[in-house]
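Heads up, the thing below is written out as structure tokens.
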Amino acid sequence: MGSEWMRSLRRAFGRPDPPPAPAADRYATIHKGAYVAVRLYLEGDEPPAHDFAQTARDATARILAAGIAAAAAPLQATVKRIEVDDDPPDSDEAEEG
């Protein structure tokens, strides 16, 4: 999901692309980025044979799309990957976080 996806998402929610910086301010800042890891736990009731991992991936994509659209921060967010962790941490580690 690249920057074109983000542009189309911003347009869909009525948010224009940020204007280019004026020539005098062009070097006042530099473009930076950081990977931020988030561990999200989803739970719910489903039939035993249903693929809950797929349900969780779909729900996560919807949660992130809604959150990105509503974000008040002046940062552009790009979803790089959504995957289910089949080897979660021990329960005592999960409670710390």
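Being a predicted model, the structure only gives us computed values, none of them experimental. Counting begins at 1 with the first residue of the sequence.
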**Message:** One pair to check against side chain to side chain contact (heavy atoms under 4.5 Å, CB included): T60 and V79. What are the steps and the verdict?
**Reply:** CA-CA 10 Å; T60 300; V79 177; over 6 Å; no
D85 meets the salt bridge (charged side-chain N to carboxylate O under 4.0 Å, His left out) criterion, sequence neighbours left out, with R39
Without placing hydrogens or testing angles, list every side-chain donor-acceptor pair under 3.5 Å for residues 46-56, not counting sequence neighbours.
unit_1	atom_1	unit_2	atom_2	d
E46	OE1	H50	ND1	2.5
E46	OE1	T55	OG1	3.4
E46	OE2	T55	OG1	2.9
H50	ND1	T55	OG1	3.3
D51	OD1	A53	N	3.2
D51	OD1	Q54	N	3.4
Q54	OE1	R57	NH2	3.1
Q54	NE2	D58	OD1	2.8
T55	OG1	D51	O	3.4

Tracing side-chain contacts under 4.5 Å among Ile, Leu, Val, Met, Phe, Trp and Tyr outward from V36 reaches V38
Contacts of R81 meeting salt bridge (charged side-chain N to carboxylate O under 4.0 Å, His left out) (sequence neighbours excluded), chain-then-number -> E83
